[in-house]
Participant: 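One structure is given below, represented as structure tokens, and several questions about it will come after.
Values in this document were obtained by computation on a predicted structure and should not be read as measured data. Every chain is numbered from 1 and lettered A, B, ... according to where its sequence line falls, protein lines coming before strand lines.
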4 protein chains.
Amino acid sequence: MDGTGPDPGRRNPRSRDRILQATRELVTDHGFGALSIEAIAARAGVGKQTIYRWWPGKGAVVFDAILAANENPAGRIDLPDTGDIDADLRTVLRATVAEFADPVFSAPLRALYVELLTDPALAADYRARLEGPMTEAKLRRLRGAQAAGQIDDDADLDLVVDLLYAPLTQRWLLGTGPLDEEFADRLVAAALRAARPGQ
Amino acid sequence: MDGTGPDPGRRNPRSRDRILQATRELVTDHGFGALSIEAIAARAGVGKQTIYRWWPGKGAVVFDAILAANENPAGRIDLPDTGDIDADLRTVLRATVAEFADPVFSAPLRALYVELLTDPALAADYRARLEGPMTEAKLRRLRGAQAAGQIDDDADLDLVVDLLYAPLTQRWLLGTGPLDEEFADRLVAAALRAARPGQ
Amino acid sequence: MDGTGPDPGRRNPRSRDRILQATRELVTDHGFGALSIEAIAARAGVGKQTIYRWWPGKGAVVFDAILAANENPAGRIDLPDTGDIDADLRTVLRATVAEFADPVFSAPLRALYVELLTDPALAADYRARLEGPMTEAKLRRLRGAQAAGQIDDDADLDLVVDLLYAPLTQRWLLGTGPLDEEFADRLVAAALRAARPGQ
Amino acid sequence: MDGTGPDPGRRNPRSRDRILQATRELVTDHGFGALSIEAIAARAGVGKQTIYRWWPGKGAVVFDAILAANENPAGRIDLPDTGDIDADLRTVLRATVAEFADPVFSAPLRALYVELLTDPALAADYRARLEGPMTEAKLRRLRGAQAAGQIDDDADLDLVVDLLYAPLTQRWLLGTGPLDEEFADRLVAAALRAARPGQ
DNA sequence: GATTAAGCGAGACGGTACGTCGCGTCTTCCA
DNA sequence: TGGAAGACGCGACGTACCGTCTCGCTTAATC
């Protein structure tokens, strides 16, 4: 499975950082169109081969660029827990709305989505390394609410996560409606209504 | 509105049909990667210029290819209405699940989504000419259910549409979970729970 | 041989003139590169078909444009004849030098040469309708000089014409040397020296 | 001299040779019309960019193809010198007549002439790298004849070169007369008559 | 300390597709 | 029915990137 790739110990971390930095800058400043391997290599002052040596393609570079930017020293993501699931979800979804509105965050992510749609291997990686941990954190918080009796014991928590986030993502990607705090709040209310105790 | 484009009266409808047909065939048989303007032109037996004359780019061609395939002589889409909103929505969402599973339907649509993410003008067109009418049909059916007392009078119907469809679309695009009739049913149940009368 | 072409009686002379005029203007003002059938038709306010109906190609149009500009009502060209062949040839060659220096004359002619090199049929037409009569006029004048004893009776007059004009044309086309009145004079002197009486 | 172009040290000589070879083959076998950058690239098994990287255009490629075919290891061209200028020039002009009659030689050259007429930069290159050295060789031989008293000391040798070659080239390009050994001989005789000693 | 085997910057290479231009043919509609 | 207009199938243009490759050069690990 491995052994065939190059020795990571020999990798130049300086080049890696410059590549990921250049990727973020390009996509933020000049849009998706400007994002080519050649442009990344040129801006990073790096040979193209150095990119192809460590990543299978443009999508993987963008993915790592996003991961590197969001790097969490603690290693584990957790949603806030004030004991009030309603307020906590509102906080989190409002934060997500704010991120979608910020090009520094959303431009690379949108570029990543484009690649995800056409590259199943990359999509699997995305689910495993980004979507998975995030969903797990959300599920943990919802399980806490469940234990606290704020959510029905039989509620389908995976579905609740979908109800909370899919509409948000869809509006961001397609612009099918306003994407503001009010929408975040209504989404939280609706999702919790669907999952409230006593069915 | 424009007046700058070429005279549509001079357009050769035979070429138009062959282009849209070729587009559907290419994307269904050989995937997104095979979908280039050159490939479409070659398969359709048409000059590239004939494509560029009538469409601004690949995305617009794919869009028209999808619209032409779904062309409804009646002109107006309507959801089934048996009087039972729960059953009707299950029917419709199960049908959507089936469509997503059918490459003839889903392959061109996925190609369209890729273009939508990078082309705001195309996205606006998509919302106006495809997403809009579909959403309107869904809203009509939900309003009927509201009048019949199956949905709360104060329910936010736009939000209900999002709750029903966004999770479906997301699972289709990213593969974040199983996409089957059971999921459709649970989605309908959850959305209706969030909107049921008496808050 | 004919009968297949369109009836010349029905031809619109106004269109013809505008096409030839547009051809001259384009090549003079914007160079060879600007000379396309499409550009001629557009500038002349004429349909492309009208050009293709009456000319086989771009070269033939340029040829007619040049012929029309040099149209001689008398129909017959004649070199000056003062009785002094030396002076007369100098006059004529100096005039040719001046023409080559004038873009209004030389730009269309250069465009014609380009076509001549790649189109044998056009070249044949050129020899018959332009080069032939001109050479004939030159030969007439040389024969007069022969009769007057200024040129050897056995001189090869065709060759003399070549000696006089080919170097001129070559310098004009390739820029292989200065092209001025002094060169014209030296050319005349040399050609006459090669043909002078008493061998 | 430039410094702006790509590093010639990195150039693949194998590709260069195949491009020039393909150019000669195309123009000889299929005529000028078949000579497109795309056709050259295809026949040479080379990317188009590899041509555009090293040559500014089709004309320059043809030029190099001709130069490469005529490559002289000695580096310096010289006309035969038997001591008899008349005989030597006849030999050389007869050889030129033969070359013009041989498509392997004349087809690429004719293609080059077409380009020369429309590209001043290429024409300058042609004069410097092909016409110049050839003319210089001819002048050397004529100077030898001058020293031997076969040509007048005051003769304008540049003009003699023009008298010898321009009529030949003109007949070849335009077909304005027979182009055979007899014509070559007459040309030599006339030019030498114009330059013979004692005026 | 010398050797050696990566990684690396650079960029040429064979390709594919781009979006544009002009070709010569055709069709439509007007005078 | 000639002509203005221009759509059409086609082929070539010159450019942008793709992913692979081949160069010297550093640079770290091994002898």
Side-chain angles (χ1 to χ4, degrees), chain A residues 6-12 14-16 18 33-42 44-54 56-58, chain B residues 6-12 14-15 18 33-42 44-54 56-58, chain C residues 6-12 14-16 18-19 33-42 44-54 56-58, chain D residues 6-12 14-16 18 33-42 44-54 56-58:
Chain A
D7 175 4
R10 294 214 161 220
R11 184 168 192 178
N12 183 344
R14 186 177 178 73
S15 293
R16 193 193 105 104
R18 304 216 302 186
L35 204 65
S36 65
I37 295 279
E38 301 224 320
I40 294 170
V46 137
K48 285 201 289 175
Q49 199 58 251
T50 302
I51 298 180
Y52 284 110
R53 184 154 28 227
W54 301 109
K58 195 168 60 178
Chain B
D7 175 5
R10 299 209 145 213
R11 184 168 193 175
N12 183 343
R14 189 178 178 72
S15 293
R18 306 217 301 187
L35 203 65
S36 66
I37 296 278
E38 298 223 321
I40 295 170
V46 137
K48 282 199 289 175
Q49 202 63 57
T50 300
I51 298 181
Y52 285 111
R53 186 154 30 231
W54 302 109
K58 200 168 54 179
Chain C
D7 175 4
R10 296 224 161 214
R11 182 168 194 178
N12 183 344
R14 186 176 179 74
S15 293
R16 193 193 105 105
R18 303 218 301 187
I19 288 164
L35 203 65
S36 65
I37 296 279
E38 303 225 321
I40 294 169
V46 138
K48 283 200 293 174
Q49 198 58 250
T50 303
I51 298 180
Y52 284 110
R53 186 154 27 229
W54 301 110
K58 195 167 60 177
Chain D
D7 175 5
R10 297 208 146 213
R11 185 167 193 176
N12 183 344
R14 186 177 179 75
S15 294
R16 192 193 105 106
R18 304 215 304 187
L35 204 65
S36 65
I37 296 279
E38 298 223 322
I40 295 170
V46 139
K48 282 201 288 176
Q49 204 61 57
T50 300
I51 299 180
Y52 284 112
R53 185 155 28 230
W54 301 108
K58 197 167 58 179

Participant: So, using side-chain contact (heavy atoms from CB on, under 4.5 Å) as the criterion, who are the partners of B:R10 when residues are at least two apart?
Facilitator: B:D7
Participant: Quick one: CD1 on C:I40 to CD1 on C:I51, what's the gap to the nearest 0.5 Å?
Facilitator: 5.5 Å
Participant: What are the 5'-most and 3'-most nucleotides of DNA chain E lying under 4.0 Å from any heavy atom of chain B?
Facilitator: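 First and last nucleotides in contact are E:dA17 to E:dT28.
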Participant: How close or far is atom C1' of F:dA7 from atom CG of B:D7, stated in whole angstroms?
Facilitator: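 From B:D7 CG to F:dA7 C1': 10 Å.
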Participant: Checking D:A39 now: which residues fulfil side-chain contact (heavy atoms from CB on, under 4.5 Å) with it, not counting sequence neighbours?
Facilitator: D:L26, D:S36
Participant: In chain order, what residues pass the side-chain contact (heavy atoms from CB on, under 4.5 Å) check against C:R11, with sequence neighbours excluded?
Facilitator: C:R16, C:W54, C:W55
Participant: Taking only side-chain N and O atoms of B:W54, does any of them lie within less than 4.0 angstrom of OP1 or OP2 on F:dC8?
Facilitator: yes
Participant: Would you list the protein and nucleotides 9-17 of chain F atom pairs, both N or O, that sit under 3.5 Å from each other?
Facilitator:
{"unit_1": "F:dG9", "atom_1": "OP1", "unit_2": "B:S15", "atom_2": "OG", "d": "3.1"}
{"unit_1": "F:dG9", "atom_1": "OP2", "unit_2": "B:G47", "atom_2": "N", "d": "3.3"}
{"unit_1": "F:dG9", "atom_1": "OP2", "unit_2": "B:T50", "atom_2": "OG1", "d": "2.7"}
{"unit_1": "F:dC13", "atom_1": "OP1", "unit_2": "D:I37", "atom_2": "N", "d": "2.9"}
{"unit_1": "F:dC13", "atom_1": "OP2", "unit_2": "D:I37", "atom_2": "N", "d": "3.1"}
{"unit_1": "F:dC13", "atom_1": "OP2", "unit_2": "D:E38", "atom_2": "N", "d": "2.9"}
{"unit_1": "F:dG14", "atom_1": "OP2", "unit_2": "D:Y52", "atom_2": "OH", "d": "2.4"}
{"unit_1": "F:dG14", "atom_1": "O5'", "unit_2": "D:Y52", "atom_2": "OH", "d": "3.4"}
{"unit_1": "F:dG14", "atom_1": "N7", "unit_2": "D:K48", "atom_2": "NZ", "d": "2.9"}
{"unit_1": "F:dG14", "atom_1": "O6", "unit_2": "D:K48", "atom_2": "NZ", "d": "2.7"}

Participant: Would you mind building the protein contact string for nucleotides 25-31 of chain F? One character per nucleotide, 5' to 3', B for base within reach (heavy atoms under 4.0 Å), S for sugar-phosphate only, - for untouched.
Facilitator: ----S--
Participant: Whole angstroms only, please: what is the CD1-P distance between C:I40 and F:dA5?
Facilitator: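 Rounded to the whole Å, the gap is 16 Å.
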Participant: So which atom in B:G47 and which in B:A41 form the shortest heavy-atom distance, rounded to 0.1 Å?
Facilitator: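 Closest approach of B:G47 to B:A41, heavy atoms only: C-CB, 4.3 Å.
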Participant: Please report the shortest heavy-atom distance between D:S15 and D:T50, naming the atom on each side.
Facilitator: CB-CG2, 4.3 Å
